[in-house]
Amino acid sequence: MASLRESVPPPLWLGDAAFQARLTEYILEPIQKADRFEEEAMPVRPLITVYGHHEADKAEVVKHFCKTHSIGAYVVQCRFGFTGDVIQQVNQLFLEEADNFSVLILDHADVLLLEPNDSESQLFALGLRDRILKERVLLVGCFDRVLNARE
């Protein structure tokens, strides 16, 4: 697994000012200013979604934002037919790297959430919110497609 600490050039597109402001609001502030948030009155949003064109490198943009602000983040790729690998990678991260990251980025999260390849992956996806709350990690799901009313 690639570490956040590797020197990787920034993505070509980093988002506009509004996008960067949302990343600051949903990722940076809950981590750096945790005392502002309260479970009942002003809870932290544990699930963040990023929609965009499939070539926009959304996961890399979020990872670069986190790296720029010294926030530990890992990217897990979701691929058709291999959603079981996502379970293994996420479990391994929580087991081995739990103290080293605050943000879990699921690239192509639409694959895991909309088309898991087995019941284990489907159950994992359904329980993911509870898992990240327990682990105290923010989840950023990067989606290549926008859901229609039917989905």
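Here the structure is a predicted model, which means the values were calculated and not measured.
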Interatomic spacing from CG in L139 to CD1 in I48 - rounded to 0.5 Å
8.0 Å
With sequence neighbours left out, the residues meeting salt bridge (Lys or Arg N to Asp or Glu O under 4.0 Å) with R22 are E25
Side chain to side chain contact (heavy atoms under 4.5 Å, CB included) for R129 and L47? Distances and angles first, verdict last.
CA-CA 7 Å; R129 184 180 196 282; L47 305 169; 3.8 Å; yes
Taking all non-hydrogen atoms of both residues into account, name the closest pair between I132 and P46 and its distance.
CD1-O, 3.3 Å
Is the side chain of D16 donor-acceptor paired with the backbone N or O of F19 at a distance under 3.5 Å, no angle test?
yes
Q88 and N91: side chain donor to acceptor below 3.5 Å:
no
What's the separation between atom CD in E29 and atom CG in L23, rounded to the nearest 0.5 Å?
11.5 Å
Nearest non-hydrogen partners of L138 and Y26, listed with the distance:
CD1-O, 3.7 Å
Would you give the length of the straight line joining atom CG of L28 to atom OG of S70, rounded to the nearest 0.5 angstrom?
10.0 Å
What one should report as the nearest heavy-atom pair of P30 and T24 is CD-O, 4.4 Å
Membership question, hydrophobic clusters at under 4.5 Å side-chain separation (ILVMFWY): are L126 and I87 in the same one?
no
Show your working on side chain to side chain contact (heavy atoms under 4.5 Å, CB included) between K63 and Y74 and close with a plain yes or no.
CA-CA 7 Å; K63 181 178 175 183; Y74 281 97; over 6 Å; no
So, taking the atom named CG in L113 and the one named SG in C78, what distance separates them when rounded to the nearest 0.5 Å?
7.5 Å
Point-to-point distance, once rounded to the nearest 0.5 Å, from NZ of K58 to OG1 of T49:
11.5 Å
Could you grab the distance from atom NZ of K67 to atom CD of E60, nearest 0.5 Å is fine?
10.0 Å
Provide the closest heavy-atom pair for F143 versus G141 in the form atom of the first, atom of the second, distance.
CD1-O, 3.3 Å
Atom pairs and distances, donor-acceptor, side-chain atoms in residues 101-108, under 3.5 Å, two or more places apart:
{"unit_1": "D107", "atom_1": "OD2", "unit_2": "Q77", "atom_2": "NE2", "d": "3.2"}
{"unit_1": "H108", "atom_1": "ND1", "unit_2": "D144", "atom_2": "OD2", "d": "2.7"}

Return the minimal non-hydrogen interatomic distance between S121 and G84, and the atom names on each side.
OG-N, 3.5 Å
